[in-house]
Amino acid sequence: MITTRPRGTADVLPGDAAGWRFVEDAFRRICREYNYGEIRTPVFEHTELFERGVGDTTDIVEKEMYTFRDKGDRSITLRPEGTAPVVRAYLENGLNAGPQPVKLYYTGPMFRYDRPQAGRYRQFHQLGAEVLGSNDPAVDAEIIAMVMDFYGRLGIAGLDLHINSVGCPRCRAELRLKLQDFFRPVQDKLCVNCRGRLAKNPLRVLDCKEERCGALSGGAPTTLDCLCPDCEAHFSRVKGCLDGLGIPYIVNGRLVRGLDYYTNTAFEVMAPDIGAQSSIGGGGRYNGLVEALGGPSTPGVGYALGVERIILAMERQGAPVPSRIRPDVFVAAADPSGEEKALGILFALRSEGLSADKDYLGRSLKAQMKLAGRAGCRLVVILGGDELKRGSAAVRDMAGGSQVELPLEALPREVRKLIGR
Ligand code: AMP
């Protein structure tokens, strides 16, 4: 018997699924309010999409992708993130030819081969949104505001919003040189990875998690030291919009994120009480991505939030997370002769929009009542011999213990009223 799941994956059982559904429903609601349309892209794509769209000097592409050859000898990758696929779909389906900007949201599993730990999985789930076709800083602000609004609605408080501008390719070229100059005298003291990064992508030294690299980059120039006037103005407008909306933030010049296509705004939201993996969401602008994937130069901005970490933050903070979905009604038959009647009533209750269930193991009436109580049913319809002869059934309120007798033909409707629907 195979009884273990692959490392870094999780089963979401019905008790936990209620919390997941709650978070996903809240996300769909907010996306509707902010006028984002849903997009569903495949779980796997051509490997090249991520090599080009995420960047081949990033951890994701260098070591974390689930890549395999399919039976047709194509290189396929389980998606490690949602932005490159959304941009691919935007181009492939001609959404760039319609009215801009195009506002899209997605939900679903992502796959990264990383060392699993609390809050870090190999299959995890993201909620994300992207806006393609506008460079307006107000869109960056809308994206950030939407994320903070969403966390607020879920009852998550005490979050730190870090924002930065990583500039445009011109600003980055200047920063690259400055960083190479800065680190050259101490390059032997950097970690092995960063020594390699120094030549290819020195920005990434700034977000290296190794302690010694962190210490060495103490006084290093940051992206904010190299912003050109246009990028400076863009960042000021983003901050101005956030100020206007009353959203507090921390400007963090070291926030560069691992992805190559980011330009201008970058942001990350930290939940201090969920442990080492404290980032519960992040995003930014990626004006270089559409072109990198072969499309016309098109600005874009978006975010991705981790569902597992959101739920962890809600639990840690005692925010209400629904733990299970209770059936409204249980239909109990006092003896086997009532079985068929019970089935009929069960289906009639369901067609009234109620959640209803019955026993399927031939339990005694006492055991059926116990089962109904354990499932958290509000009412139990009891089909007893005497009542059935009168063409009626008893309905018991499980909380108060009171009982009424109702004629069978009116029962589903009356039960719906008792439940309050
Ligand atoms: P990223 O796409 O790396 O910017 O990640 C966006 C969000 O996804 C993070 O803030 C996390 O909440 C979540 N996330 C990223 N990687 C993982 C992972 N391996 N396990 C669980 N959640 C993750």
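What you see below is based on every heavy atom in this structure, not just the backbone, and it leaves out hydrogens, waters and symmetry mates. Note that ligands are numbered from 1 as they come in the structure, with each ligand's atoms numbered from 1 the same way.
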I need the contact type for Q126 against ligand 1. Using non-hydrogen atoms and a strict under-4.0 Å cut-off, is it side chain, backbone, both or neither?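 Answer for Q126: side chain.
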Should you measure from each heavy atom of [X], which atoms of ligand 1 turn up under 4.0 Å away?
X	answer
G119	20 (N), 21 (C), 22 (N)
G306	7 (C), 8 (O), 12 (O), 13 (C)
A304	6 (C), 7 (C)
S279	9 (C), 10 (O), 11 (C), 12 (O)
R120	18 (C), 19 (N), 20 (N)

Give a yes or no answer on whether the side chain of R309 reaches the backbone of G119 with a donor-acceptor pair at less than 3.5 Å.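 Yes.
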I'd like to know if the side chain of R416 and the backbone of L354 have a donor-acceptor N/O pair within less than 3.5 Å.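 Flag not set: sc R416 to bb L354 has no pair under 3.5 Å.
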Check ion pair D243-K239 (N to O, under 4.0 angstrom):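 Result for this pair is no, no salt bridge flagged.
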Could you tell me whether E64 and R115 make a salt bridge, using a distance below 4.0 angstrom between a side-chain N and a carboxylate O?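 Salt bridge flag = no for R115 with E64.
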Note, R378 side chain near V329 side chain (heavy atom, < 4.5 Å):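 Sidechains of V329 and R378: no contact.
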Heavy-atom distance to atom 1 (P) of ligand 1: which of M110, R112, E268 wins?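 Going through M110, R112, E268 one by one, R112 has the nearest heavy atom to atom 1 (P) of ligand 1.
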Considering Y262, Y121, Y303 one by one, which has a heavy atom nearer to atom 20 (N) of ligand 1 than any of the others?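 Considering heavy atoms of Y262, Y121, Y303, the nearest to atom 20 (N) of ligand 1 sits in Y121.
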Going by heavy atoms, is [X] under 4.0 Å from ligand 1?
X	answer
E81	no
D114	no
E308	no

A393 and L383: which non-hydrogen atoms are nearest, and at how many Å?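 Smallest interatomic distance, heavy atoms only, reads CB-CD2, 3.5 Å.
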Would you name the heavy atoms of N164 and L255 that are closest together and state the gap between them?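 Closest heavy-atom pair between N164 and L255: ND2-O, 2.9 Å.
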Any nitrogen or oxygen of L305 lying under 3.5 Å from a nitrogen or oxygen in ligand 1? Just yes or no.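 By distance alone, the answer is no.
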Stepwise side-chain contact (heavy atoms from CB on, under 4.5 Å) check, C168 with H234: CA-CA 11 Å; C168 63; H234 194 278; over 6 Å; no
